[in-house]
Each structure stands twice: as C-alpha cells, then as structure tokens.
Amino acid sequence: MSFASFSDFVAMGHHALYVWSAYGICLLVLALNVAAPVLSKRRYLQEEARRLRRESIK
C-alpha cells in the first residue's frame, strides 16, 4: 500500500480512527505488560522489608 503524501498516510484511507486507536491500545497493553511486574516486584520488596524490620524489633 502506498500513499501520495504523509497526510494520506495519517488518514489511512479514511480508517484513521480505527487504525490509530488500534495502535494506541496495543502500545498501552504492551506498556502495562512491562510496568505491572516491575511495580509488583517493588511492592513485594517494600512489604518484605517492612516485615523484616518488624521481626527484627521483636
């Protein structure tokens, strides 16, 4: 598929809303798949550090 200009490429043959929203949702899901484990690990490590501090005080 070739486009005459960049604006034709962005318009995607009048399907721009569908095409670009699909790309956006895909990128959002990929970002969440990267961020979720990182945040989960950080939360786990913080909880374990708190637990160890509580146990060392007793």
Side-chain angles (χ1 to χ4, degrees):
M1 181 182 262
S2 64
F3 299 98
S5 67
F6 183 72
S7 63
D8 286 342
F9 169 72
V10 172
M12 291 284 173
H14 303 291
H15 298 289
L17 180 63
Y18 170 76
V19 172
W20 295 115
S21 63
Y23 278 120
I25 291 170
C26 180
L27 289 175
L28 177 67
V29 168
L30 289 174
L32 288 173
N33 280 335
V34 170
V38 171
L39 295 174
S40 178
K41 180 181 177 183
R42 181 183 300 163
R43 186 172 42 247
Y44 171 76
L45 291 174
Q46 288 173 346
E47 290 173 3
E48 284 300 306
R50 259 187 252 129
R51 185 184 64 80
L52 288 172
R53 280 193 304 268
R54 277 195 312 257
E55 289 178 1
S56 69
I57 292 173
K58 291 181 181 180

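Legend: side chain to side chain donor-acceptor pair (under 3.5 Å) pairs involving residues 6-24, not counting sequence neighbours, sorted by first then second residue: S5-S7. Residues in residues 24-52 take part in no ring-ring contact (aromatic ring centres under 6.0 Å, His included) pair, two or more places apart or across chains.
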Sequence neighbours left out, cut at 3.5 Å: what donor-acceptor pairs do the side chains of residues 32-41 make with other protein atoms?
residue, atom, partner, partner atom, Å
N33, ND2, V29, O, 3.4

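In terms of the salt bridge (Lys or Arg N to Asp or Glu O under 4.0 Å) criterion, residue partners of E48 (sequence neighbours excluded) are, by chain and number, R51.
The number of heavy-atom neighbours closer than 6.0 Å to CG of L17, taken from other residues, nucleotides and ligands shown, is 12 or below.
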